[in-house]
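Reading through the structure tokens given below for one structure.
These numbers come from the heavy atoms of this one structure, side chains and all, not from hydrogens, waters or symmetry mates.
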Amino acid sequence: MRQRVGYCAAPDAVKLAYAVHGSGPPIVRVATWMTNLEFDWESPVWRHWLADPAAAVS
């Protein structure tokens, strides 16, 4: 499944990245210092959390 990565800026000018994939209600996952929007899809730790819910509503 492909994701669309976007960027926005907070009021204090901090740049934030977000990813969108699938459809349905949003799920917000709080990032840690070791988070990468692209590499998390390949991680055995995070892949099932990203792929399974998206597949259920797509």
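- Identified under the salt bridge (charged side-chain N to carboxylate O under 4.0 Å, His left out) test for residues 30-44, with sequence neighbours left out: Arg29-Asp40.
- Grouped with Val5 in one hydrophobic cluster are Tyr7, Leu37, the linkage being side-chain heavy-atom contacts under 4.5 Å among Ile, Leu, Val, Met, Phe, Trp and Tyr residues.
- For residues 3-25, there are no salt bridge (charged side-chain N to carboxylate O under 4.0 Å, His left out) pairs, not counting sequence neighbours.
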